[in-house]
Protein chains: 2
Amino acid sequence: MKLAIMGCGAVGTSVAELAGEYGHTVTAISDSTGAAIDSTGLDIETVLSEKRSSGTVGENDPNSALESEYDVLIEATPTTLNDAEPGYSHVVGALERDRHIVLANKGPVAERYDDLREHETESDGRVLFDAAVGGAIPVLTTIDNLGRDNVTAVRGVLNGTANFILSRMGAEGLDYEHVLAEAQDLGVAETDPTFDVDGTDAALKCVILANVLFDGGYALSDASVDGIQDIPGPALHLAAEDGRTIRLIGEVINEEVRIGPRLVPDNGTLAVSGTQNIVQIETEHAGRLNISGRGAGGPETATAVLADIGRLE
Amino acid sequence: MKLAIMGCGAVGTSVAELAGEYGHTVTAISDSTGAAIDSTGLDIETVLSEKRSSGTVGENDPNSALESEYDVLIEATPTTLNDAEPGYSHVVGALERDRHIVLANKGPVAERYDDLREHETESDGRVLFDAAVGGAIPVLTTIDNLGRDNVTAVRGVLNGTANFILSRMGAEGLDYEHVLAEAQDLGVAETDPTFDVDGTDAALKCVILANVLFDGGYALSDASVDGIQDIPGPALHLAAEDGRTIRLIGEVINEEVRIGPRLVPDNGTLAVSGTQNIVQIETEHAGRLNISGRGAGGPETATAVLADIGRLE
């Protein structure tokens with residue numbers, strides 16, 4: 001397949017680097033300032049080396065990648081809230097050209113799911129987005145496989161940064177500010193970690209899950225969201241005395257979306273450590289499935305993008 | 001889809017009971033002594049009540065179900081070794097009629113994978129068998145989704161009976177014979193538990209995984225297999241003092257298939273308890289995925305069968 005990649009952060013870069021291994025050709029790639037385009041296939045090494053030296057992948061207008069020749073548009077620009085732009089318009093534009101879209105960007109499928117599905121019904125293109133929820137964890141594929149009517153609830157740890165902070169606070173008895181600074185030093189937390197620690201990122205993933213399970217109708221404003229910023233260090237100590245710990249748990253249950261810190265058994269399935277993510281899928285007839293793995297990261301998320309591309313062939 | 005179900009044990013019965021909920025019609029079902037057939041769709045409640053009262057599902061010859069009108073043959077007769085009969089012939093017969101087959105029976109895909117794939121290439125029918133490995137755990141679907149070239153190893157706990165016995169031996173300090181008797185009382189172990197405790201059942205599942213990962217070439221005779229019958233109770237006690245426990249682990253790694261008792265960290269991911277199963281999939285670019293859930297049981301395995309049927313539509 002010919003791929004046009006919008007966004008050249010960790011995920012976009014990894015998709016470009018791995019595409020050849022999966023038999024695909026990258027015909028366009030854009031970042032916020034420019035684009036490289038070659039309908040016969042870009043030399044990815046050259047493009048990425050160009051970006052390292054000059055700061056951009058190429059001299060074309062970034063949006064020219066949208067007009068290029070491709071089978072699948074990879075939407076890997078940063079997640080934005082509310083109107084979910086510019087990702088949303090990228091998706092709609094590709095659908096209007098009857099092209100497929102694979103999203104790593106959560107915005108369009110969290111904030112404007114119903115609009116997006118409406119455009120999809122009028123197009124020969126399909127929209128897939130397993131990479132947007134849980135990185136390498138194939139949550140949406142597994143739900144699709146089980147049949148959404150057979151799924152009664154989904155819950156899990158869906159933000160690696162928040163989980164790293166809570167794991168360290170619990171294991172070392174350190175307070176939130178201290179561990180956050182450590183996480184930033186290690187590159188586990190971003191300079192502005194707001195969306196990770198205030199629950200927004202996990203909430204967007206749960207909103208996407210709710211849209212998939214209930215065929216739309218949800219946006220971030222429908223979720224009840226609490227973050228981990230105000231958890232005092234001693235709370236984890238008290239939990240530990242009782243054989244428990246605290247995790248930021250997102251849940252989609254009884255048609256409600258809730259995200260917040262919860263007490264969970266210390267050695268229980270939900271108490272994954274470090275940046276691991278876990279998803280529990282409750283089913284009607286097959287009990288509970290637990291899937292854990294790397295919930296973020298360039299190559300991990302790119303693997304999910306490439307799996308979605310594989311389903312379009 | 002019209003389904004013909006060969007085998008009316010726990011899995012065959014559950015598939016029949018759940019088929020309607022998934023939009024399918026059961027046109028034939030057979031057990032070892034008879035068959036019920038109705039090309040317009042059987043009344044499952046009546047058929048199963050007939051089996052409860054008379055001991056058989058119907059008065060037709062069991063093999064007549066194979067000649068009936070159906071889109072998908074569900075092969076849920078007991079797993080047999082070596083020639084994998086009669087399951088193997090059921091599969092080949094359905095392929096010769098260009099019908100699809102979904103297997104819960106491990107024999108044909110463990111012992112005669114290459115022969116079966118050869119018949120499949122000459123047929124319009126496809127053969128799917130995710131229900132044969134790990135019950136409700138979507139192991140094969142996830143590998144297919146990742147792309148088998150991206151999978152570097154698979155390991156896990158693939159037999160719930162053996163895991164129940166080891167969990168109880170570890171938690172209660174009881175010896176093997178005592179816990180086995182308890183498991184038989186609870187219905188967790190069969191009257192003849194040989195294949196569960198000697199590693200054969202887990203080995204067959206790993207052989208199937210090897211066939212999928214390496215495109216065939218494996219049978220049970222290629223696996224190195226040790227069971228749990230000879231583990232002395234004190235071994236678990238000694239392991240516990242070291243923060244570890246013992247689990248029956250199956251592995252497919254470096255093109256080898258090995259099954260045997262292994263020391264694993266006591267609270268580690270592989271130390272699932274009771275009848276739970278877990279599969280770890282090591283990937284090239286996406287780290288390790290862990291999937292745990294119910295590895296056996298009628299409705300659980302039937303859910304996997306119905307997911308496979310869904311993929312054929």
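Below, chains carry the letters A, B, ... as their sequence lines are ordered, and counting in each starts from 1. Note: hydrogens, waters and symmetry copies are ignored here, and every other heavy atom, side chains too, is used.
With a 6.0 Å radius and a threshold of 12 heavy atoms from other residues, nucleotides or ligands, B:E313 has its CD atom above the threshold. The number of heavy atoms from other shown groups lying within 6.0 Å of CZ (B:R126) does not exceed 12. For CD of B:E45, the number of neighbouring non-hydrogen atoms (other residues, nucleotides, ligands) closer than 6.0 Å is 12 at most. No more than 12 heavy atoms of other residues, nucleotides or ligands lie within 6.0 Å of CG in B:N254, so this atom counts as exposed by the packing criterion. The environment of B:E190 atom CD is sparse: at most 12 non-hydrogen atoms of other residues, nucleotides or ligands sit within 6.0 angstrom.
Only the side chain of A:L18 comes within less than 4.5 Å of a heavy atom in chain B; its backbone stays farther off. If you measure heavy-atom distances from A:N267 to chain B, the contacts under 4.5 Å come from the side chain alone. Contacts between A:E21 and chain B at a heavy-atom distance below 4.5 Å involve the side chain alone, from C-beta outward.
Taking CG from A:D308 and CG from B:N145, the interatomic distance works out to 7.5 Å, rounded to the nearest 0.5 Å. Between atom CD of residue A:E284 and atom OG1 of residue B:T303 there is a gap of 9.5 Å, rounded to the nearest 0.5 Å. Here the CD-CZ distance, from A:Q276 to B:R288, works out to 8.5 Å after rounding to the nearest 0.5 Å.
Most heavy-atom pairs under 4.5 Å with chain A: of the set B:T142, B:N150, B:T269, this distinction falls to B:N150. Most heavy-atom pairs under 4.5 Å with chain B: of the set A:G298, A:G147, A:P299, A:A302, this distinction falls to A:P299. Taking chain A as the reference chain and counting heavy-atom pairs below 4.5 Å, the highest number among B:A307, B:G293, B:S292 is found for B:S292.
Screening B:I291, B:L289, B:N290 for a side-chain contact (heavy atoms from CB on, under 4.5 Å) with A:I137, the sole residue that qualifies is B:L289.
Side-chain contact between A:T141 and B:P138: absent, with no pair of heavy atoms (C-beta onward) separated by less than 4.5 Å.
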